[in-house]
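Numbered from 1 within each chain, the chains take letters A, B, ... in sequence-line order. All values below come from the heavy atoms of this structure, side chains included, with hydrogens, waters and symmetry mates left out.
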Protein chains: 2
Amino acid sequence: MKKYKETTILDIARELNVSKSTVSRALKNHHSIGAATKKAVLDLAKKYNYHPNNIAYSLSKKSTKTIGVIVPLLSHYYFSTVISGIEELAYKEGYKVIICQSAESYEREVIVSQTLLSSKVDGLIVSISRETNNSDHFKVYQQKNVPLVFFDRVCPDLDVSSVVIDDYQGAFNAVEHLIMGGKRKIAHFAGPPMLKISLERIKGYKDALLKHGIPFDENLLIDCGSGLEQENGSIAAQAMLDAGIRPDAIFAVCDPIAIGVMTTLKKNKIKIPDEIGVVGFCDEPIATVIEPPLSSLVQPAFKIGEISVELLLNQINSPIPLVEKKVLSAELKIRESSLSSVLNDNRI
Amino acid sequence: MKKYKETTILDIARELNVSKSTVSRALKNHHSIGAATKKAVLDLAKKYNYHPNNIAYSLSKKSTKTIGVIVPLLSHYYFSTVISGIEELAYKEGYKVIICQSAESYEREVIVSQTLLSSKVDGLIVSISRETNNSDHFKVYQQKNVPLVFFDRVCPDLDVSSVVIDDYQGAFNAVEHLIMGGKRKIAHFAGPPMLKISLERIKGYKDALLKHGIPFDENLLIDCGSGLEQENGSIAAQAMLDAGIRPDAIFAVCDPIAIGVMTTLKKNKIKIPDEIGVVGFCDEPIATVIEPPLSSLVQPAFKIGEISVELLLNQINSPIPLVEKKVLSAELKIRESSLSSVLNDNRI
DNA sequence: TATTTTTACGCAACCGGTTGTGTTAAAGCG
DNA sequence: CGCTTTAACACAACCGGTTGCGTAAAAATA
């Protein structure tokens with residue numbers, strides 16, 4: 001499309017027989033500009049529908065007033081909620097937000113992080129893809145002193161600000177809740193070992209068993225493959241049943257997996273929660289809709305977004321490098337899927 | 001954070017005793033640069049970890065190679081899928097994507113559209129908020145000749161490129177399907193009248209009734225308030241039941257509403273689909289998980305995203321203004337929620 | 001060998017803002 | 001009334017790239 005000639009500061013200056021700097025200053029109400037001049041400039045700006053050129057501004061100020069965000073997938077309720085939290089605070093502080101998805105691909109993550117770097121974002125908020133096991137593309141940020149905050153999924157080898165939830169404690173509580181309900185043979189459908197959160201949740205699972213004197217059984221630690229989707233849960237659950245493994249409860253690394261597990265269990269006419277209780281992680285909206293409603297660990301997603309921005313701004317405004325790590329706790333929301341009928345009998 | 005001195009094209013030029021332009025051209029493999037010089041430049045660029053400054057590039061080229069996207073909410077599976085489609089094609093064509101949400105707020109939509117304009121996006125793809133009934137903020141785009149594409153939710157008073165699905169036909173098919181299943185007293189839970197899609201779906205609903213000789217009943221056209229969330233559906237459904245209105249089928253303007261309706265029906269011990277059949281619109285993933293699985297109209301969301309980019313690029317590359325309107329059809333996915341037991345008897 | 005091409009690169013303007021440093025005339029001061 | 005302030009604005013450099021045009025030397029051609 002043929003380009004439209006934007007009216008610039010210079011156009012206004014010429015028409016008013018003043019200098020560029022005068023117009024620039026008039027536009028931002030600088031004190032050293034006469035009232036009459038100011039009015040003339042403002043009027044003309046309105047008349048010509050003047051819009052400042054952010055690009056030029058950014059180039060001269062060396063700041064874009066923009067923060068970049070990279071998430072694995074937008075289509076997860078959790079991530080889109082975090083983003084809402086990020087936007088809320090960012091806009092309030094006069095920052096724009098550029099959102100990118102890595103689509104759970106390491107390669108794509110590298111590309112968008114470089115693009116964002118070249119676009120000179122003032123800071124970056126990231127939750128890494130599940131494939132990512134190299135952090136060189138983020139080290140460049142550190143090298144160039146551009147503020148970085150990780151949330152939820154962090155790079156274990158990077159010492160940067162982060163806000164995560166206490167996966168260990170969350171997992172521990174979930175499993176203990178199942179034990180309290182009289183469950184003894186509790187399986188864990190685990191996430192990709194690449195992600196620290198997977199490992200933390202496994203640890204919480206094991207420690208809860210340990211605390212209650214239940215020996216850890218290798219066969220009950222189920223690998224869901226590389227995916228975190230419903231399908232992976234379904235397949236893994238069927239495989240488990242086919243292998244003759246029959247737990248009395250399942251703690252899944254995330255809700256989609258839990259949902260997949262539940263559909264498979266129902267298909268196999270296994271009663272939830274009586275025969276097998278289920279607990280998920282994340283509390284996606286779907287958890288309340290499935291039958292029976294799924295117990296899950298609620299993560300304060302919106303707050304995580306806000307805190308991420310807060311930590312980022314702290315870095316942006318700090319004269320020296322800053323590293324802050326926040327840990328929030330996930331709250332166990334008990335619904336029917338884990339409400340064993342023996343619950344009351346076994347409660348301590 | 002104290003700013004890190006980025007190495008620029010000029011730094012490299014000085015160290016090599018060549019001019020800026022030579023370095024610039026060497027970096028992009030221009031033919032008029034000697035092989036030795038090229039290599040020297042590339043080597044030094046790598047050594048200093050040079051990253052081109054996109055801001056400067058954009059300023060001089062008057063093109064940011066960026067397309068803006070505004071959606072009402074990221075947390076809807078439909079929208080995030082459209083975005084994936086947009087990103088896919090955009091990246092392939094060398095464009096970056098900036099995603100913003102209006103949060104279904106007119107005010108926020110105006111702000112982000114202005115921000116995007118100042119950021120000099122090369123084009124904008126929009127699905128408007130449900131509050132929006134003024135299009136001045138988009139007219140500025142037209143005025144400045146920056147390409148615009150609407151998808152799904154369009155501004156009725158703007159003559160611009162758009163890609164929408166055939167809401168009328170979709171609704172018609174859904175309702176006819178219910179009629180074929182023997183349903184006669186079919187209610188429609190409608191969307192906000194601000195949105196054209198709501199009106200189209202109402203029209204399809206009415207015409208399907210008409211075709212099959214069923215008189216339209218005002219009382220069966222239910223207003224869900226301004227929201228499109230599950231809660232709105234629940235409330236409206238309960239209100240309907242409380243008013244003594246008892247249809248034998250419900251066609252909901254979207255899946256969340258349908259889900260809300262279903263939960264209320266189930267709470268009232270009404271059997272789905274035997275007593276009341278339900279059909280939604282959008283085919284969110286949740287539709288397959290709820291019990292019984294929800295019949296819905298599948299929108300080719302990913303494709304809608306791709307086509308939006310295609311239409312946008314057509315404009316960007318066209319010497320003259322261009323307006324193309326694409327209409328895709330939604331496919332009815334029949335699941336249990338609308339599979340009336342009398343289906344076979346009544347089929348024509 | 002004289003002349004034309006080609007190769008390889010430099011110069012400087014330009015994109016649209018911001019900002020430190022003048023400069024001039026009016027106002028304030030003792 | 002002479003001198004210092006202050007108000008109001010102009011100049012020009014700068015941010016980091018791109019690009020049209022000019023030019024000198026080397027290569028090709030006549």
Side-chain angles (χ1 to χ4, degrees), chain A residues 3-42 44-45 48-66 115 117-122 144 146, chain B residues 3-42 44-45 48-66 115 117-122 144 146:
Chain A
K3 51 270 170 200
Y4 165 88
K5 162 62 174 128
E6 296 268 2
T7 79
T8 72
I9 233 176
L10 188 59
D11 298 322
I12 297 181
R14 273 201 271 254
E15 184 156 343
L16 258 39
N17 280 317
V18 296
S19 72
K20 276 171 58 176
S21 44
T22 299
V23 176
S24 173
R25 289 179 171 124
L27 252 8
K28 45 183 48 177
N29 203 20
H30 192 277
H31 64 272
S32 81
I33 301 296
T37 310
K38 267 181 198 165
K39 183 170 173 3
V41 169
L42 268 326
L44 216 55
Y48 287 145
N49 203 5
Y50 168 80
H51 283 257
N53 186 325
N54 252 327
I55 305 291
Y57 173 89
S58 299
L59 183 59
S60 67
K61 296 280 282 187
K62 288 173 144 312
S63 155
T64 53
K65 280 287 178 183
T66 298
T115 302
L117 187 64
S118 280
S119 296
K120 304 294 170 188
V121 291
D122 289 350
K144 302 203 177 221
V146 3
Chain B
K3 51 273 171 200
Y4 165 89
K5 163 63 174 127
E6 296 267 3
T7 80
T8 74
I9 231 174
L10 188 59
D11 297 324
I12 297 181
R14 275 202 269 255
E15 183 155 344
L16 255 41
N17 281 318
V18 297
S19 72
K20 276 169 61 176
S21 42
T22 299
V23 176
S24 172
R25 288 175 173 126
L27 252 9
K28 45 184 46 177
N29 202 21
H30 192 279
H31 63 270
S32 82
I33 300 298
T37 311
K38 267 182 198 166
K39 183 169 172 7
V41 169
L42 269 325
L44 215 54
Y48 287 145
N49 204 3
Y50 168 80
H51 283 257
N53 185 326
N54 252 324
I55 305 290
Y57 173 89
S58 299
L59 183 60
S60 68
K61 295 279 281 186
K62 287 173 140 319
S63 155
T64 53
K65 280 289 180 182
T66 298
T115 302
L117 188 64
S118 280
S119 296
K120 304 294 169 188
V121 291
D122 288 351
K144 303 205 176 219
V146 3

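Proximity of Lys62(A) to the phosphate of dT18(C): no side-chain N or O atom is located under 4.0 Å from OP1 or OP2.
Taking atom CD1 of residue Ile33(B) and atom C1' of nucleotide dT6(C), one finds them 14 Å apart after rounding to whole Å. Regarding Lys28(B), its NZ atom lies at a distance of 17 Å from the P atom of dC9(C), rounded to whole Å. Straight-line distance from the NZ atom of Lys61(B) to the P atom of dA13(C): 21 Å, rounded to whole Å.
As judged by a 4.0 angstrom heavy-atom cut-off over every strand, Ser58(B) is placed among residues making no nucleic acid contact. In this structure, Ser32(B) reaches the bases: a heavy-atom distance under 4.0 Å links it to at least one base atom across the strands shown.
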If you look only at distance, which donor and acceptor atoms sit under 3.5 Å apart when one is on a side chain in residues 23-36 of chain B and the other is two or more places apart or in another chain?
unit_1: Asn29(B); atom_1: OD1; unit_2: Lys38(B); atom_2: NZ; d: 3.0
unit_1: His30(B); atom_1: ND1; unit_2: Ser32(B); atom_2: N; d: 3.1
unit_1: His30(B); atom_1: ND1; unit_2: Ser32(B); atom_2: OG; d: 3.2

Show me the donor-acceptor pairs, under 3.5 Å and distance only, between side chains in residues 51-58 of chain B and residues at least two apart or in other chains.
unit_1: Asn53(B); atom_1: OD1; unit_2: Ile55(B); atom_2: N; d: 2.8
unit_1: Asn53(B); atom_1: OD1; unit_2: Ala56(B); atom_2: N; d: 3.2
unit_1: Ser58(B); atom_1: OG; unit_2: Asn54(B); atom_2: O; d: 2.9

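Nearest-nucleotide positions on DNA chain D place Gly34(A) closer to the 5' end than the other of His51(B) and Gly34(A). When each of His31(A) and Ala56(B) is assigned the nucleotide of DNA chain D with its nearest heavy atom, His31(A) is the one assigned upstream, toward the 5' end.
For the contact set between residues 15-27 of chain B and DNA chain C, defined by any heavy atom under 4.0 Å, the members are Asn17(B), Val18(B), Ser19(B), Ser21(B), Thr22(B), Arg25(B).
The end-to-end axis angle of the helix from dT1(C)-dA30(D) to dG30(C)-dC1(D), rounded to 10 degrees and based on five pairs per end, is 40°.
When DNA chain D is scanned 5' to 3' for any atom under 4.0 Å from a heavy atom of chain A, the first and last hits are dA8(D) to dG16(D).
For the residue pair Val121(A) and Thr64(A), the shortest heavy atom distance occurs at CA-OG1, 3.7 Å. Across all non-hydrogen atoms, the minimal contact from Tyr50(A) to Ile9(A) is CE1-N, 3.8 Å.
For the atom pair OG (Ser118(A)) and NZ (Lys120(A)), the distance works out to 6.5 Å, reported to the nearest 0.5 Å. For the atom pair OH of Tyr48(A) and CG of Asp11(A), the computed distance is 8.5 Å after rounding to the nearest 0.5 Å. Atoms CG and OG1, on Leu44(B) and Thr7(B) in that order, are 8.0 Å from each other to the nearest 0.5 Å.
Shown here are the side chain to side chain contact (heavy atoms under 4.5 Å, CB included) partners of Ser63(A), two or more places apart in sequence or in another chain: Lys65(A), Asp122(A).
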